[in-house]
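Residues: numbered from 1 along the sequence shown.
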Amino acid sequence: MTRFALLVIGLAACASADNAATVDAAAAGSVDAPARRDAGIDSTSPDAMALNTCVSASTCSGAQMLGTMSGDTGAMTLSADGYQAAWYRVRVTEDFSDSPGLALRLAAKLTMPAGAGFETFVYVNSATDTIECNTTTGTVTTNGNVKEVRAEWGEGFIPNGADDSRNVTIEVRPMGTSCSASQAWHLDLEGNWL
């Protein structure tokens, strides 16, 4: 055999050994292994990631104002519907200032479609009339596909002589990443709940 033929066979053998080493390193998870792309699909590209259809442009600071309701007289209600993440705001007013004192109360009841996961949160700053976006308040109960948060703040039996009216923020938060307009939730707000 000529030197040229031996050289070609030697190069082919080295190339085969190098490919085998690369495959072995990739299989072992070596950080030195070259990145693989099967059939032209790059698993890190944005197109390969699942879309989150539950997000929305709604934020706490830009919450949609639903209106005003009394927190200590009557039983006024407000409502909203949606299927994605949402933030709402309501002005809860103190309208009874005699004795005995009455706390201000707001109930947020979220009715969800079957098989869909959502949470509702109530935010109120009981000390000042500034908007609260971080600390939740209220007692949460779940009954089937209904979640309710009952919040109360302000004076007790003895009136405190201050106006306890507050801007209250309500968040509807999806628990997953797949939401559909055909699977809508319904939010009921009730002031001065009993």
Side-chain angles (χ1 to χ4, degrees), residues 52-176 179-181 183-194:
N52 185 343
T53 57
C54 296
V55 297
S56 70
S58 184
T59 63
C60 179
S61 60
Q64 179 183 347
M65 187 63 163
L66 291 179
T68 301
M69 62 173 47
S70 176
D72 57 7
T73 59
M76 184 179 174
T77 61
L78 295 169
S79 64
D81 296 284
Y83 69 96
Q84 295 176 302
W87 289 86
Y88 297 102
R89 188 155 295 120
V90 63
R91 179 71 177 170
V92 178
T93 60
E94 179 177 5
D95 299 301
F96 181 84
S97 55
D98 293 336
S99 290
L102 298 175
L104 299 186
R105 297 180 302 208
L106 173 74
K109 181 168 67 172
L110 182 69
T111 304
M112 299 168 286
F118 291 88
E119 295 286 347
T120 186
F121 301 96
V122 173
Y123 303 83
V124 62
N125 187 329
S126 60
T128 68
D129 200 14
T130 58
I131 293 171
E132 178 61 51
C133 292
N134 297 310
T135 305
T136 61
T137 189
T139 303
V140 181
T141 58
T142 302
N143 185 6
N145 66 332
V146 177
K147 294 195 178 196
E148 185 173 34
V149 180
R150 291 183 170 219
E152 87 178 62
W153 66 94
E155 58 202 22
F157 186 76
I158 299 172
N160 61 11
D163 184 359
D164 295 311
S165 300
R166 296 289 184 265
N167 287 311
V168 181
T169 305
I170 300 93
E171 177 189 10
V172 177
R173 184 187 302 171
M175 294 293 99
C179 295
S180 167
Q183 294 269 301
W185 46 257
H186 179 76
L187 177 67
D188 285 309
L189 304 177
E190 181 183 358
N192 191 36
W193 52 265
L194 300 174

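Considering OG1 of T141 and CZ of R150, their distance stands at 7.0 Å, rounded to 0.5 Å. A distance of 10.5 Å separates CZ of F121 from CG of L110, quoted to the nearest 0.5 Å. Atoms OH and CD, from Y88 and Q64 in turn, are 5.5 Å apart once rounded to the nearest 0.5 Å. Rounded to the nearest 0.5 angstrom, M112 CE and T142 OG1 are separated by 7.0 Å. Separating the CD1 atom in I170 from the CH2 atom in W87 is a distance of 10.0 Å, to the nearest 0.5 Å. Here the straight-line distance linking atom CG of D163 with atom CG of D95 works out to 9.0 Å at 0.5 Å rounding.
Under the 3.5 Å distance criterion, the side-chain polar atoms of E190 are left unmatched by any main-chain donor or acceptor of N192. Checking side-chain atoms of E94 against main-chain N and O of D164 turns up a donor-acceptor pair under 3.5 Å. Formation of a donor-acceptor pair under 3.5 Å by the R105 side chain with backbone atoms of W193 is found in this model. No donor-acceptor distance shorter than 3.5 angstrom exists from the side chain of N125 to the backbone of I131, with no hydrogens or angles considered. The main-chain N or O of C179 is found under 3.5 Å from a side-chain atom of T53 such that the two form a donor-acceptor pair. Between the side chain of E155 and the main chain of N160, a donor-acceptor pair closer than 3.5 Å is present.
When the side chain to side chain contact (heavy atoms under 4.5 Å, CB included) test is applied to V146, the partners found at least two apart in sequence or on another chain are K109, T111.
Looking at H186 and D81, their side chains come closer than 4.5 Å, going by heavy atoms from C-beta outward. Looking at heavy atoms from C-beta onward, W153 lies in side-chain contact with V168 at the 4.5 angstrom threshold. Using a 4.5 Å heavy-atom cutoff, the side chains of R91 and D129 are in contact. In this structure, D188 and T77 have side chains that are not in contact, with every pair of non-hydrogen atoms separated by 4.5 Å or more.
Heavy atoms only, all atoms of each residue included: T137 and V124 are closest at CG2-CG1, 3.3 Å. Among all heavy-atom pairs drawn from S56 and A86, the shortest one is OG-N, 4.4 Å. Closest heavy-atom contact between S126 and R166: O-NH2, 3.0 Å. When every heavy atom of L187 is checked against every heavy atom of T120, the shortest pair comes out as CD1-OG1, 4.3 Å. Shortest non-hydrogen contact noted between E152 and A103 is OE2-CB, 3.6 Å. Heavy atoms only, all atoms of each residue included: G138 and V149 are closest at CA-CG1, 4.0 Å.
For the disulfide (SG to SG under 2.5 Å) condition, no pair includes a residue of residues 71-125, sequence neighbours left out.
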Worksheet item: What's the verdict on side chain to side chain contact (heavy atoms under 4.5 Å, CB included) for T169 and C60, showing C-alpha distance, side-chain angles and the deciding distance?
Response: CA-CA 7 Å; T169 305; C60 179; 3.9 Å; yes
Practice prompt. Verify side chain to side chain contact (heavy atoms under 4.5 Å, CB included) between F118 and K147, making sure each step is shown before the conclusion.
Written response: CA-CA 9 Å; F118 291 88; K147 294 195 178 196; over 6 Å; no
Worksheet item: Would T128 and T130 count as a side chain to side chain donor-acceptor pair (under 3.5 Å) if you check the C-alpha gap in whole Å, the side-chain angles of each, and the deciding distance to 0.1 Å?
Response: CA-CA 6 Å; T128 68; T130 58; 3.0 Å; yes
Worksheet item: Would L106 and M69 satisfy side chain to side chain contact (heavy atoms under 4.5 Å, CB included), going step by step from the backbone distance to the final call?
Response: CA-CA 9 Å; L106 173 74; M69 62 173 47; 3.5 Å; yes
